[in-house]
Structures are given as C-alpha cells and as structure tokens.
Amino acid sequence: MFNLGALRKNGWLVLPFLVAIALRGYQLGAGGLGDPTAAGTVRSMLHSWSNFFFVAWDPAGTYMHDKPPLALWLQAASAYLLGYHGFALALPQALAGLGIIAFSFRLVSLLHDRTQALITAWLLASLPLTVLVERSNKQDAILALCMVACVSFLAEAMRTRKVRYLLLAAAAFGGGFNVKGLAIGMIVPAAGVLLWHEGSWRALRRWPGLLAAAALAAVLSLAWLVVVDLTPPDQRPWVMNSDHNRILDLTLQHNGVARLSAGEGFNPARHLQSAPPGHVPLGLLYGGARGATRILGEFPGGLLAMTWPLFGAGLLLFLLDLFRTSHRPASLTWLLWLLAGWLAFSFSRLGSPHYLELFAVPWAVTTAYGGSAALHPSSPRRTLGLVALATTAIHALVAYHGIASVGPLIAAATAGALLLLAYRLRAPNPRATLAALGCLAVIPVGLSMASIRMNPTEGSIPGASFLAVKWAAEGRPLSEHPPGGDMVNGKIGDMEAGLAYVRERVGPDARYLVAVQNFTVGSAIIAHHDRSVLAVRNEFRNRNELTGEAARRLIQEGNLRYFLIPRAYLGKIDPALNALLADGREVAEEAGYAPGSGWMLIDARP
C-alpha cells in the first residue's frame, strides 16, 4: 500500500511528518516513567517470560494487568532493547503516532483529495491532544493506529478489489482488540459503510474472502484470551478486576458494560469541587460529569477547542454531503466513526483525554474538511470556510494570547491570518487563503510545545500539562507539581520516606515489600522500586481488595510485614484488616513523618 513511489508522489507529507517527529521526539520520556500502571506492569513483565506473556502487574505475578497485551508487549520489547526508562516506554506510542498520520493521509487521499489529506496530516501531527497522548505510555495511540489502519486497508480493498487488503484490515482489527478489547468496535459502523456502499459483495465475488477475513479477525482477537482462560489459575496471575478470574469476564464486564455504569469505581462528577490548594480537581482531569456536553467542558474538551469553528463547518458540510450520492460513502464513514467515538466518550464513566485519541482521526478529517472549504470553487462553501477560518483566528487570539511562552507567536499568527483573509475578501486569490491556513497551522504547534516544556513526561492523564499552561495564562494558581498531584504524574512523592524505611527492613526473600492504599499507588512503587506490593483497596471497582484473613496469613508466612496507607483509609478498608492494623506497631514517626502528615506506617509483625 505504501511504497517508495507513493512516498515520492506524496512528498508534501514530509513537512507534517517532520513537525510530528519534532513534537514527539523533543525530550521524549525526560524526567519520568509516565502512567504508573503501565510503567509498573512493563517492569514486572521483564522479570520472566511467564510475566511477559500473561502481562503480570507485579514482579511476583500476583495479578494480571486488566488490559489485553499487545501495547504492553511492545513497550516491554522496547524496554528490553533500550533499557527501562521513560523514553523506551513512550517510544512505541510516538512511532504509532507517525503511523496514524501516514495511514490517515492515505485514507483521506482515497476518499477525498490530497489538499484535505495534507490538512488532516498537519492537524494530527500538531494538535495538543494527539501530541501529548502519543508522547505518553498510554496504550490508546496503538489502538488508534490499528483503527485507522483497518479502515485504510478496507478502503484500499474496495479500490483495488484485492482480498489481501481485506486480510490486512482483519489483522489490524485483531491487533486493536488485543490493545483495548471491545473499544476497537468503534470503527465497525464506518467499516460497514465502506463494505456496503462500495459494492464489495458483487464486484469481488468475495464471500470466501470476506469469510476468511472475518475468521482471521476472530482468531487474532480471541487467541490470547482463550489461551489465558484455558491456563489453570494456579499457573498464571489472577485477572485484575475480574470476579471470576477470566479474561472473557474482564472484557465483557469491567472493560465492557461497566464502563457505562455509574455504580462501580471512581466517578469524576463527585470530585469536581474539592482539591488541595493549587491543584486541579481530580474529577476535572477525568472529564467531569458524563453526558452529551462533556466534550464542551474545560478538560479534556479544551484540547480540541481551537478546532471548533472549523470542525463545525466541516460537520455541516459532511451532513449536506449525505444528499449527494457520490459523496455519501465518505461522509457516512466519518460521521459514523465520529458518532461512535462521541457516544463512547460522552457516556462512559470516565472521560479521560486519551479516550479522545480514538476518534481524533475523524475529528481531524472533519476539521480539515471545514478548512479546505475555503479553497472550494463553490461560493457558498468557500464563504463558509473563510468565515470558519476567521472565527478560528479570533478564538485563538482571545483564548491563548496570555500564554507567556507562545502568546506573541499566536498573536502574530492570528493577526497575519486575519489580514490575509481580509485581503482574500477583496481579491479572489486562493494563495491568500493558503497563506492564512499556514498562519493558523502555527498555533497548535506552539500550544503543543508550550505543554511539553511545562512537563515533558505526564502520568495517568496525558494532556494535563496543557490545562496547566492554560490556567497559568489565566492567572489561576497551581502548585509546583503539574495538575493532579504526584501520583497522577507517576511519581512517588511524600511516600518515599516510608518506602526507604521499609526497604531497609524487608529482605529480598519477602514476597511483598509493603501493602498500600490502592493499585495506582502500588503501580508507582513497582515502577520505581521493582518490588511487589499489595493493594488494600481496588479503586477501579470501589471495593476492598485485601481482607484481614488474607493479610494475617501472609504475615504469618513472612511474605508481608508493613502497611503504608493514609489515615483517611481506615474507615474504608475491611474491618478485620482494620483490627489487625490496630494491633500493629505505628512506626510513621520513626520513618520521618511528622505527626500531622496523614500517613500511617504499621509494622504488623507479631
């Protein structure tokens, strides 16, 4: 599909690619390990082939990570070859971002034209959303690559009538399932449109080919799942967040229908007000209240806010194109992908910014359609495009001029765009429109670079640094830490004193270094200290994870001794465990904690 001749023919893709490489490569992985859950899992996977295959959450292989393995396998391979550090963990996602741009350029060229494909490529290369997510160790960039590759191969199959592209599309679909399970289903409506409208059933006579592709997709999607579920439970880790210790249960329940339930796990809507001084409310970082308008909120919708005028114009044009037979398949493809992504983002319990990555391609295509309309020969479409460009420039000037590091650049770019558009209204010169587009193209690059400079490596919430940049420009106070606090950014923080105390007293033969409040905290300890820990509570499901009976047995076996948890957790944990801790010896002050620190370090050894 992509060969040297095609690259020469599509040579204008070089500029967005260079920008994408620069934005994703600049200080990649500097200063941190990223999301602690993924980073800790990768470190555990490097301990043995069994840990690698089963995606063990901790070095002892107690739990299995609650996502399919493909993205974590890639990160582990990178860490094995390059060493365990932030760059190696983020590199697969950065490379996936480049692949997304290449496949999107090809797909849009097939369904539309190269002008729109080039604008799409530039948006994907430079928007803060895509840049910051693809610089992280979150798996969503790998899934987004599988999505756009699947649709692109499918479009190529419709164009060439060759079954091998159907098989490649099936392979990409299976790969996506092995990144985040049912989330790959987001592209099914768009893929169905391409199959139906392009007449594949008749032109290819390909029932055998379609059945072969479906079979390949099913085998690749389910093979690992079946192997894990058929492995005796005592020969593999426990499947995290599964009631029945089965991957199928995890896929359908916790990573499936439970995502749409408000009754299990962290609910962002309940955490929108209270926050430590100088910190962003944690509920805001996870999208706030769910609903149809979630994407209009300050975060993570703000990562796409600068595109709204052009996106609105493109969306209107796609809807109008539904009445034009020749344009209907392409319009339906993007609209259905957008609709599926918007529904999943809006009504999932969590609205994290990396979820937006899964429909960033159709979003960029729709935005590019609105921008390219300014070059359309039809007067009504051209007028709509020019108005959208002018509105985008004004919005950018108002919203981002106060950002110290890039404010002057944004002001100059928007002023230049507005002057060129004013000139374009007086003289029918498309070069002025192209120049205005070029001026506006500088803005997302500047916003992305400002975010990277503030925090090159983010944690559980890629994109939070953009919010910090915006708040700083508005004079809203922030602490010395980026938004969300230490743990959200994958760091140990003030737990380090307690961990240093414990490490001096717990030998390497003990199975667990310490028990801590939840899995996220435990992941950060595994990532930084390479020792197994236990979680007292499961924050993903809002329930107790470690019972008093299990803790007592581990203590008697010599596999657990210390508990390091906030005092506020005493009212949340298992009552039997609470009683066990009450019988232990408090050593927090010995470890260096002040009496009012809020931390409790208990030596539970009899």
Does some side-chain heavy atom of Trp337 sit less than 4.5 Å from a side-chain heavy atom of Val151? yes
Can you tell me which residue pairs pass the side chain to side chain donor-acceptor pair (under 3.5 Å) test with a partner in residues 131-145, sequence neighbours excluded? Arg24-Glu134, Asp140-Lys180
Student check: side-chain heavy atoms of Leu127 and Ser448 closer than 4.5 Å: no
Is there a donor-acceptor pair closer than 3.5 Å between any side-chain N or O of Ser372 and the backbone N or O of Tyr369? yes
Contact between Met454 and Val469 at the side-chain level, heavy atoms closer than 4.5 Å - yes or no? yes
Classify the angle between the aromatic ring planes of Tyr400 and His395 as parallel (below 30°), tilted (30 to 60°) or perpendicular (above 60°). perpendicular
Indicate whether any N or O donor in one side chain lies under 3.5 Å from an N or O acceptor in the other, for Asn241 and Asn538. yes
Beyond-backbone contact of Phe173 with Val188, side-chain heavy atoms, under 4.5 angstrom: yes
Do Phe53 and Met45 touch side chain to side chain, with heavy atoms closer than 4.5 Å? no
How long is the straight-line distance from CG of Leu285 back to CZ of Phe299, given to the nearest 0.5 Å? 6.0 Å
Interatomic spacing from CG in Leu350 to CZ in Phe540 - rounded to 0.5 Å: 10.0 Å
Could you list all the side chain to side chain donor-acceptor pair (under 3.5 Å) pairs where at least one residue sits in residues 292-308, not counting sequence neighbours? Glu298-Trp471, Glu298-Arg476, Thr307-Trp363
Taking the six-membered ring for Trp, are Trp342 and Phe347 parallel (under 30°), tilted (30 to 60°) or perpendicular (over 60°)? perpendicular
Establish, yes or no, whether a centroid distance under 6.0 Å links the rings of Phe519 and Trp57. yes
Determine whether the side chains of Ser44 and Asn51 contain a donor N or O and an acceptor N or O closer than 3.5 Å. no
Close side-chain approach of Phe345 to Arg290, heavy-atom, < 4.5 Å: no
Got Leu132 and Ser465 here, is their nearest side-chain heavy-atom distance under 4.5 Å? yes
So with a 6.0 Å cut-off around NE2 of His47, is the heavy-atom count from everything else above 12? yes
Note: Ser104 and Ile100 closest approach over all heavy atoms is OG-O, 2.7 Å
